[in-house]
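Quick note: residue numbers are just sequence positions, from 1.
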Amino acid sequence: MKASITILPGGKVTMRLMHLSTRLFAIIVLLGGCANAPAPAPVAKTPLPLDVAVRNLTVDLFGQFRSLQPLTSRMSKQSFVVDPFIDANTAEVNETSRAIEQLLLKEVRDGFPDFAIESITPTSLAVAQYVVNGTLRLDRGSGNKYYRLLSSVVDLKSGIVIANAEVWLAKEKLNYEPIASYRDSPMYLKDKRDEGYVATSQSRAGDVADRRYMDSLLTSAELSEADKNFDGGDLKRALTLYQNAESRADGKTMKTYSALYQSYRKLGHARESEDAFAKLVDVGLQTKNLSTRFLFSVNSTDFVNDPSLRTQYSLWLRQIAKRVASAGVCLNIVGHSSRSGGERYNDQLSLQRALAVQKTMYKDFPQAPQKTRAFGRGFKENVIGSGSDDAQDAIDRRAEFQVVDCASLT
């Protein structure tokens, strides 16, 4: 490892690490700890009940942090904010990840009273020194699939991961349904920032956190606070916060426009709602992500029997058709199915779902037969793959658009 050391007036020493080949050394230099700091305990892959798992995660994560603190730093409170934990596959905050956040806050306050910790908001982020994040991923452990929970503590000033820990959750009855602002979203919203979040939660101590994730934390804080107001029913306050996020250079994201669309719609502002959806489609075309949340009934090509959703589907398809036509691009419509049932059956079911979307588009998009192609992927590209046919694997029963050059359709 190479480093440049500068001695400032008054004897203050600064060090800039040029390489991070030795992760533990990087952490010790950053925190001023000693070279013989204890190593973290080995990872236990035994699935645990939620409260036990979060307690173990907290002890491991903040125990690592404390072991690397010099005694002089313990004289003042270290301050942390918690970025909402997300599903690693969908990038959504769900009810279980929200429960994990609350349990972690309590465990830190009870077990580490010398640390100050809050949920992330623009106000709490402004005074924090570290951010805690985490992801849930359905993964294989002990021979079966369980949810794996990974979490990191990142120094906000340097961007270095200070500690990382993981636990596994037992198959108890937990609610993996997305919170309201994601559940009612017209699209699945995973983007490059979310990919950076996931990568950071899985990074080892001493790694540098993903830059896209770190640079967008203030916008994320605005959106997180807005989501909690949205979930709590304070739509006007939520709308103001979503508008604040949208005014930022890095805030013109699919998440922001999805939330604006929902807030305007629930407040009865039809024109503003449709305008927000149009901007959502524009960002989706730019990023080639139009994973619109058309909900199908289980084992059916029918959309769910919900008049409100059917009205929204008409709006979505109208705006998608309009923006695609003006953008001069074409679309593959790709249908998917959950894993329950045989492969041949699901291949056919997924194709029929794509054709159903194509047929629905025709009324507002007469060029649909020339500018779209329908495909079925069955369960080959499942995101969850549980085959539970409930809210947990709803994303597997989806139809999505792929933005392609029109030449590819000829």
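With respect to Asp231, the side chain to side chain contact (heavy atoms under 4.5 Å, CB included) criterion is satisfied by exactly one of Arg183, Arg98, Glu95: Arg98. Tested against Asn164 for a side-chain hydrogen bond (donor to acceptor under 3.5 Å, both in side chains), the candidates Ser152, Ser203, Ser201 yield a single pass: Ser152.
In this structure, Asp396 and Phe379 have side chains that are not in contact, with every pair of non-hydrogen atoms separated by 4.5 Å or more. Between Glu274 and Gln319, the closest side-chain pair of non-hydrogen atoms falls below 4.5 Å. Within the 4.5 Å cutoff, no side-chain heavy atoms of Val329 are placed close to those of Val404. A 4.5 Å side-chain heavy-atom check between Glu177 and Asn94 finds every atom pair outside the cut-off.
Using modelled atom types and a 3.5 Å distance limit, the side chains of Gln312 and Tyr261 yield a donor-acceptor pair. For the residue pair Thr219 / Arg248, a side-chain donor-acceptor distance below 3.5 Å is found, with atom types taken as modelled. Between the side chains of Asp282 and Gln286, no donor-acceptor pair is found at a separation under 3.5 Å. For the residue pair Ser216 / Arg193, a side-chain donor-acceptor distance below 3.5 Å is found, with atom types taken as modelled. At a cut-off of 3.5 Å, with distance as the only test, a side-chain donor of Ser119 or Glu101 sits close to an acceptor on the other residue. Side-chain N/O atoms of Ser220 and Lys255 include no donor and acceptor closer than 3.5 Å.
When every heavy atom of Val93 is checked against every heavy atom of Pro84, the shortest pair comes out as CG2-CB, 4.0 Å. For Ser291 against Glu400, the heavy-atom pair with the smallest separation is OG-OE1, 3.2 Å. The shortest non-hydrogen separation linking Pro186 to Leu280 is CG-CD2, 3.6 Å. Summarising the geometry of Thr292 relative to Ile320, their closest heavy-atom pair is OG1-CD1, 3.7 Å, with the distance given to 0.1 Å. Contact record, Val161 with Ala209: CG2-N, 4.3 Å, taken as the closest heavy-atom pair. When every heavy atom of Tyr197 is checked against every heavy atom of Phe85, the shortest pair comes out as OH-CA, 3.5 Å.
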Working note: Asp275 + Arg271, criterion salt bridge (charged side-chain N to carboxylate O under 4.0 Å, His left out); need CA distance, chi angles, decisive distance, verdict. CA-CA 6 Å; Asp275 287 347; Arg271 182 181 60 81; 3.4 Å; yes
Test side chain to side chain donor-acceptor pair (under 3.5 Å) on Asp194 and Tyr213 and set out the steps. CA-CA 7 Å; Asp194 295 315; Tyr213 166 65; over 6 Å; no
Given Ser124 and Thr121, is the side chain to side chain donor-acceptor pair (under 3.5 Å) satisfied, shown in steps? CA-CA 5 Å; Ser124 63; Thr121 66; 3.2 Å; yes
Criterion side chain to side chain donor-acceptor pair (under 3.5 Å) on Ser158 and Asp155, from CA distance to verdict: CA-CA 6 Å; Ser158 69; Asp155 183 278; 3.1 Å; yes
Set out, in order, the CA-CA distance, both residues' side-chain angles and the distance that settles side chain to side chain contact (heavy atoms under 4.5 Å, CB included) for Gln262 and Phe230, then state yes or no. CA-CA 9 Å; Gln262 296 175 73; Phe230 185 95; 3.8 Å; yes
Would you check, one step at a time, whether the test side chain to side chain contact (heavy atoms under 4.5 Å, CB included) holds for Val153 with Phe80? CA-CA 9 Å; Val153 176; Phe80 303 78; 3.9 Å; yes
Evaluate the criterion side chain to side chain donor-acceptor pair (under 3.5 Å) for residue pair Asn229 and Glu225; output intermediate values, then yes/no. CA-CA 7 Å; Asn229 281 274; Glu225 185 176 8; 4.8 Å; no
Salt bridge (charged side-chain N to carboxylate O under 4.0 Å, His left out) evaluation trace for Lys190 with Glu195: CA-CA 7 Å; Lys190 190 172 184 179; Glu195 292 173 3; 5.9 Å; no
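Atom CZ of Phe401 sits about 10.5 Å away from atom CG of Leu285, to the nearest 0.5 Å. Taken from OG1 in Thr240 to CG in Leu235, the straight-line distance is 11.0 Å, to the nearest 0.5 Å. One finds the OH atom of Tyr176 at 8.0 Å from the CG atom of Leu138 (value rounded to the nearest 0.5 Å). Atoms CZ and OG, on Arg398 and Ser338 in that order, are 11.0 Å from each other to the nearest 0.5 Å.
With hydrogens and angles ignored, the 3.5 Å screen pairs no side-chain donor or acceptor of Gln202 with any backbone N or O of Leu150. Ser337 places no side-chain N or O within donor-acceptor distance of the main-chain N or O of Leu349, the cut-off being under 3.5 Å. Remark: the backbone N or O of Gln129 is paired with a side-chain donor or acceptor of Ser79 at under 3.5 angstrom. For Asn346 (side chain) and Ser340 (main-chain N/O), a donor-acceptor pair under 3.5 Å exists by modelled atom type. For the pair Glu92 (side chain) and Ile86 (backbone), a donor-acceptor distance under 3.5 Å is absent. The backbone N or O of Ser181 lies less than 3.5 Å from no partner atom in the side chain of Asp184, so there is not a single donor-acceptor pair. Between the Thr58 side chain and the Val54 main chain, a donor and an acceptor come within less than 3.5 Å of each other. Remark: the backbone N or O of Asp210 is paired with a side-chain donor or acceptor of Thr200 at under 3.5 angstrom. Thr256 places a side-chain N or O within donor-acceptor distance of the main-chain N or O of Gly251, the cut-off being under 3.5 Å. Looking only at distances, a side-chain donor or acceptor of Asp207 sits under 3.5 Å from a matching main-chain atom of Arg204.
Applying the 6.0 Å contact sphere to CZ of Phe375 captures more than 12 heavy atoms from other residues, nucleotides or ligands. Environment of NZ in Lys106: sparse, with no more than 12 heavy atoms of neighbouring residues, nucleotides or ligands closer than 6.0 Å. Atom CG of Asp405 sits in a sparse spot, with 12 or fewer heavy atoms from other residues, nucleotides or ligands closer than 6.0 Å. Within 6.0 Å of the NZ atom in Lys380, the count of heavy atoms belonging to other residues, nucleotides or ligands exceeds 12.
A cation-pi arrangement is absent between Arg318 and Tyr313, since the terminal nitrogen or guanidinium carbon is not both under 6.0 Å from the aromatic centre and inside a 45° cone about the axis. Cation-pi contact between Lys171 and Tyr146: present, with separation from the ring centre below 6.0 Å and deviation from the ring axis of at most 45°.
Legend: residues meeting side-chain contact (heavy atoms from CB on, under 4.5 Å) with Ser326, ordered by chain and number and at least two apart, are absent.
A tilted orientation is assigned to the rings of Phe112 and Phe62, their planes being inclined by 30° to 60°.
Aromatic ring centres of Tyr242 and Tyr257 lie farther apart than the 6.0 Å criterion allows. In this structure, Phe303 has its ring center under 6.0 Å from that of Phe296.
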